[in-house]
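What follows is a set of notes on a single structure, which appears directly below.
Here is the naming used below: chain letters follow the sequence lines, and residue numbers restart at 1 for every chain.
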Amino acid sequence: MTDPYKVLGVSPSATDDEVKKAYRELAKKYHPDNYADNPLADLAQEKMKEINEAYDTITRARKSGGSAGGYSGGYSQGYGGSAYQSSGYQSSGTSYAQIRQAINSGNLQYAEQLLDACPARDAEWNFLMGSLYYRKGWLDDARSFFQRAVGMDPTNGEYRQALSMVSGANSPYRQTGYGPPAQGSCDMCDMCTTMMCMNMLCGGCR
Amino acid sequence: MFGYVRPCAEELKVKEFERFRACYCGLCHELGREYGIPGRSILNYDFVFLTMLLWGGRETCDYTFRRCLPGLFRRRCVCQRAQPLTVSAGYSVILAYWKARDNEDDSRGAKRLAARAVRLFLTRGYKKAAGKYPDFDKSVSSRLAELRELERDGERSLDRSADKFAALLASASDAAEESCRQPLKSLLYHVGRIIYIADAWADLESDLKDRRYNPVAARFSLTSPQAPEEIRESVRETLMGSVSLAVAAFNLLPVSYWTPVTENIVAVGIPKMINDVLAGTFKAAGRGIPKRPSNTGRTETLK
């Protein structure tokens, strides 16, 4: 078995807090949300399992060794698997269910064939086309289809969620700090000034 | 379309930047050793990135001291010969040759002669490299042929044309160790997509002027290089979405000697490049040994 400390990227002499921190960081990195509809989801899941096992091994060993372990559970339920299944079939025909399954299992060619053969071009069809393209990494086409799906059926939460996912609304890489700041956002300078003002206020209260 | 993938040097530790420079120099020396002066002339940042990714699970890198023409008066620390450097050098010659051939077919008049000169200049090296890496050679030539066909038909889907270049780059993952091939393939695919689309955006003006096919112009039916704000945002979303996917793939690669540098490239360097390209402030990398950023006249790095 591989060294659990190496898996977490900490030295064996690290304190319990350091181990916990490293574990949490990695668990965040491989969180199922980051691999939703991604062909690499299986690999991420494996990695998550490895991390969980390593963390369990370390905490168990430290507990039995008399050192304070304390933390248990937490992210261990992270990969329930549900994240990769779609939330129920809202559509009528059984072939949509088939297409969903094909997309989820990564059989994209088959899914494309089925979609091409579909007579209807309704919201669900557009959504599935979008999912198919998203899985391929074709984000521009995927967004067009998701937009069309949302336009046809604005009440559907699944479609809206897909659209916001592909639009990178919560992408952590938007602001690099070196490019021009996005309009209306608070840049580091604003933040710094705010901090300074807050600091002054805190000092004044004493 | 080279030179888009590079680290954000301000965010690298000094030693990490020195390592990056040593790898750049190492690739240059490898190109010189295997393919002579034509080889050296096609050195670019993108293949330095590939070299570092092909390092795999190796946890060390050996260095040596060497001189070269631009740095004649100083012996520089460069990466010693290693298999990833050799592979990367071969791949870059193959790609440069096919790109030159493509250019030759695309252009007319004096430009065509210039492109032909480049191709002839590279032919000898190409034959050697193609003999060594026939699979990559085949993949590059067929993908570029497919891309040409799409371009000739004026393909309107940005993703469909980007897919060809992305798949071409992704096929470079075959040189990696079995265990990291899948995430590497995915990473290179998304990076290739980003390069293709960013390059299309950067070439918008010249392509429209010369009435050449431009995937961004075709996708949004643009007729003038001043793209409306919503189109810019839409391209930004597409590219940043690919960055997220590239980072997700990168995180599944084993930690290697180069991880601090490659991580910077994927998560900081590329987003910065995208911002700069979309804002029209991107400057292509100059020739020569990468320089550490100096702070004169710039305040933003201090914030």
Side-chain angles (χ1 to χ4, degrees), chain A residues 2 6-7 9 25-26 28-48 50 132-145 147 163-183 187-192, chain B residues 8 10-11 157-160 162-163 166 170 180 182-183 185-187 189-190 192-193 197 215-216 219-220 229 233-249 251-253 255 266-279 281-282 298-303:
Chain A
T2 45
K6 215 173 159 190
V7 172
E25 207 116 283
L26 286 171
K28 213 158 77 187
K29 211 164 159 182
Y30 298 110
H31 194 272
D33 285 355
N34 295 338
Y35 293 90
D37 275 328
N38 193 321
L40 298 176
D42 298 345
L43 282 176
Q45 191 170 355
E46 258 170 49
K47 201 98 182 176
M48 191 75 163
E50 219 173 85
L132 174 73
Y133 280 134
Y134 181 78
R135 239 191 127 107
K136 281 209 223 178
W138 294 22
L139 304 186
D140 188 51
D141 285 347
R143 194 182 36 216
S144 305
F145 280 113
Q147 267 166 353
L163 181 60
S164 79
M165 178 177 73
V166 77
S167 297
N170 36 22
S171 158
Y173 308 102
R174 275 192 87 82
Q175 202 75 46
T176 59
Y178 295 99
Q183 278 162 351
D187 67 3
M188 290 313 253
C189 208
D190 285 344
M191 239 152 91
C192 212
Chain B
C8 173
E10 289 92 340
E11 294 279 338
S157 162
L158 189 56
D159 291 328
R160 213 171 280 273
D163 173 64
C180 52
Q182 201 192 351
K185 190 169 183 170
S186 171
L187 168 64
Y189 182 90
H190 296 300
R193 214 181 100 84
I197 297 175
V216 172
R219 158 72 174 83
F220 297 102
E229 197 52 37
E233 279 316 302
S234 161
V235 173
R236 189 191 306 275
E237 275 174 13
T238 295
L239 290 175
M240 287 303 185
S242 288
V243 171
S244 299
L245 292 173
V247 171
N251 286 338
L252 290 172
L253 288 173
V255 173
V266 178
V268 192
I270 292 181
K272 176 179 183 290
M273 176 277 285
I274 291 172
N275 266 331
D276 291 349
V277 167
L278 290 176
T281 56
F282 181 77
R298 279 145 47 100
T299 53
E300 68 264 39
T301 52
L302 300 176
K303 280 174 189 169

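Using a cut-off of 4.0 Å between Lys/Arg side-chain N and Asp/Glu carboxylate O, B:Asp159 and B:Arg219 are scored as not salt-bridged.
The line from CG of A:Leu139 to CD1 of B:Ile197 is 8.0 Å long, rounded to the nearest 0.5 Å. The distance from the CH2 atom of A:Trp138 to the OG atom of B:Ser157 is 6.0 Å, given to the nearest 0.5 Å.
One side chain, B:Asp163 or B:Tyr189, offers a donor N or O that lies under 3.5 Å from an acceptor on the other.
Top candidate by heavy-atom pairs under 4.5 Å with chain B, chosen from A:Lys47, A:Lys29, A:Glu46, is A:Lys29. In terms of non-hydrogen atom pairs under 4.5 Å with chain A, the most contact-rich of B:Leu239, B:Ile270, B:Val235, B:Leu245 is B:Leu245.
Heavy-atom distances place both the backbone and the side chain of B:Ser242 under 4.5 Å from chain A.
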